[in-house]
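Input: a single structure, listed below in structure tokens.
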Amino acid sequence: MTATALRVPATAALLDAWESGLGADPADRPLPLLALMCADDRDLDECAPGELNRLLLRARALLFGAAADAVADCPDCGTQLEASIPLAELTVGEPAGVGAAVFGAVDVRFRLPTRRDLVALADFPVEQAARQLLERCVLSLRSGAAELSLAELSAETADAVDAAISEADPDAVIEVTLTCPECGDAVRLSLDPASFLWDEVDRWALRVLWEVAALATAFGWSEDAIVALSPWRRQMYLSLSGAHRWSS
């Protein structure tokens, strides 16, 4: 599978995408921005969780830099841990779209769940959602020449199939490991790529809006004219206007 190409949109389009995400659930806030950045009009609802995480991290790297600062307290000795982590090292890479596994005499073919699957099942009780997700993702079950249904699987085999599907999409969960220099304890941090990108975009958008307000007040320019300027020119005009520096 070829990775989706990403592009950097114009400032006005980025602001529109940021505004579109303001009222959304936290996991969905950066999706208008991500859809805007996908050069091939990728249907994000068809992405597996790992693919969506990779796209979110790539978008963050393209817009704000390829490294991220991680900070945590060591649970053993309390030392504050800090590290700059290359985002490209947080993900494994593109898995196959269709997987296969053998459990005893049962051969299984499956696909990865997509965002559309997960959204459709979000309001179901956990056990019912897990079962229905298996029904959506299992493409075939065979024992020798005989085709099987999910209902014919033992609970143990069904759990094994569920685990195999999860393991086939390792980037569905992103974690960072920091090692304490004082006691050597390892600290594992979960990273949510959606909030990670959104927090950066939110700070950027508020700063740009402050720049628009400051330059409109100083020179009477319109928002369209101001956001059409390059970041460098906006900073130069802000300096000439005597505006105080933005404080997030």
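All of these numbers come straight from a predicted model, not from anything done at the bench.
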Closest non-hydrogen atom pair, [X] against [Y]:
{"X": "G184", "Y": "T179", "result": "O-CG2, 3.9 Å"}
{"X": "L178", "Y": "A72", "result": "CD1-CB, 4.4 Å"}
{"X": "A216", "Y": "I226", "result": "N-CD1, 3.6 Å"}
{"X": "P193", "Y": "L56", "result": "CB-CB, 3.8 Å"}
{"X": "A48", "Y": "D169", "result": "CB-OD2, 3.7 Å"}
{"X": "A5", "Y": "R58", "result": "CA-NH2, 4.1 Å"}

Checklist entry - Should L197 and L57 be marked as a side-chain contact (heavy atoms from CB on, under 4.5 Å) after you check the CA-CA gap, both sets of side-chain angles, and the distance that decides it? => result CA-CA 7 Å; L197 173 60; L57 290 176; over 6 Å; no
Between [Y] and [X], does any NZ, NE, NH1 or NH2 come within less than 4.0 Å of an OD or OE carboxylate oxygen?
{"X": "E46", "Y": "R115", "answer": "no"}
{"X": "D171", "Y": "R54", "answer": "yes"}
{"X": "D43", "Y": "R116", "answer": "yes"}

Please confirm whether the backbone N or O of [Y] pairs with a side-chain atom of [X], one donor and one acceptor, at under 3.5 Å?
{"X": "R29", "Y": "A24", "answer": "yes"}
{"X": "D192", "Y": "A194", "answer": "yes"}
{"X": "S239", "Y": "Q235", "answer": "no"}
{"X": "R60", "Y": "A67", "answer": "yes"}
{"X": "E152", "Y": "S149", "answer": "yes"}

Checklist entry - Taking the six-membered ring for Trp, are W198 and W18 parallel (under 30°), tilted (30 to 60°) or perpendicular (over 60°)? => result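 Plane angle under 30°, so parallel.
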Could you tell me whether the side chain of [Y] reaches within less than 4.5 Å of the side chain of [X], counting heavy atoms only?
{"X": "D185", "Y": "T79", "value": "no"}
{"X": "V106", "Y": "R142", "value": "no"}
{"X": "S140", "Y": "V108", "value": "no"}
{"X": "D159", "Y": "T157", "value": "no"}
{"X": "L87", "Y": "F64", "value": "no"}
{"X": "R111", "Y": "D117", "value": "yes"}
{"X": "D107", "Y": "R109", "value": "no"}
{"X": "L15", "Y": "W204", "value": "yes"}

Could you tell me whether [X] atom [atom1] has more than 12 heavy atoms of other residues or ligands within 6.0 Å of it?
{"X": "D40", "atom1": "CG", "value": "yes"}
{"X": "Q132", "atom1": "CD", "value": "yes"}
{"X": "E127", "atom1": "CD", "value": "no"}
{"X": "R7", "atom1": "CZ", "value": "yes"}

Checklist entry - Does the side-chain contact (heavy atoms from CB on, under 4.5 Å) test come out yes or no for L150 and R131, once each step is laid out? => result CA-CA 9 Å; L150 276 174; R131 189 69 179 182; 3.7 Å; yes
When rounded to the nearest 0.5 angstrom, what is the spacing between [atom1] in [X] and [atom2] in [Y]?
{"X": "E200", "Y": "L33", "atom1": "CD", "atom2": "CG", "result": "12.0 Å"}
{"X": "L153", "Y": "S143", "atom1": "CG", "atom2": "OG", "result": "10.0 Å"}
{"X": "L31", "Y": "L36", "atom1": "CG", "atom2": "CG", "result": "12.5 Å"}
{"X": "C137", "Y": "D162", "atom1": "SG", "atom2": "CG", "result": "9.0 Å"}
{"X": "D73", "Y": "Q80", "atom1": "CG", "atom2": "CD", "result": "6.0 Å"}
{"X": "I174", "Y": "N53", "atom1": "CD1", "atom2": "CG", "result": "5.0 Å"}

Item to check | W221-Y237 aromatic ring centre distance below 6.0 Å | outcome: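 Yes; Y237 has its ring centre under 6.0 Å from that of W221.
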Let me check something: do [X] and [Y] share a hydrophobic cluster, defined by ILVMFWY side-chain heavy atoms less than 4.5 Å apart, either directly or through other members?
{"X": "V187", "Y": "L90", "answer": "yes"}
{"X": "V208", "Y": "L63", "answer": "yes"}
{"X": "F110", "Y": "F103", "answer": "yes"}
{"X": "L238", "Y": "F219", "answer": "yes"}
{"X": "L206", "Y": "W210", "answer": "yes"}

Item to check | Derivation of the side-chain contact (heavy atoms from CB on, under 4.5 Å) call for L209 and E223 | outcome: CA-CA 9 Å; L209 292 183; E223 179 181 272; 4.3 Å; yes
Next on the checklist: Let's go through E182 and C74 carefully: what are the C-alpha distance in whole Å and the side-chain angles of both, what is the deciding distance for side-chain contact (heavy atoms from CB on, under 4.5 Å) to 0.1 Å, and is it a yes or a no?
Outcome noted: CA-CA 9 Å; E182 297 297 327; C74 176; over 6 Å; no
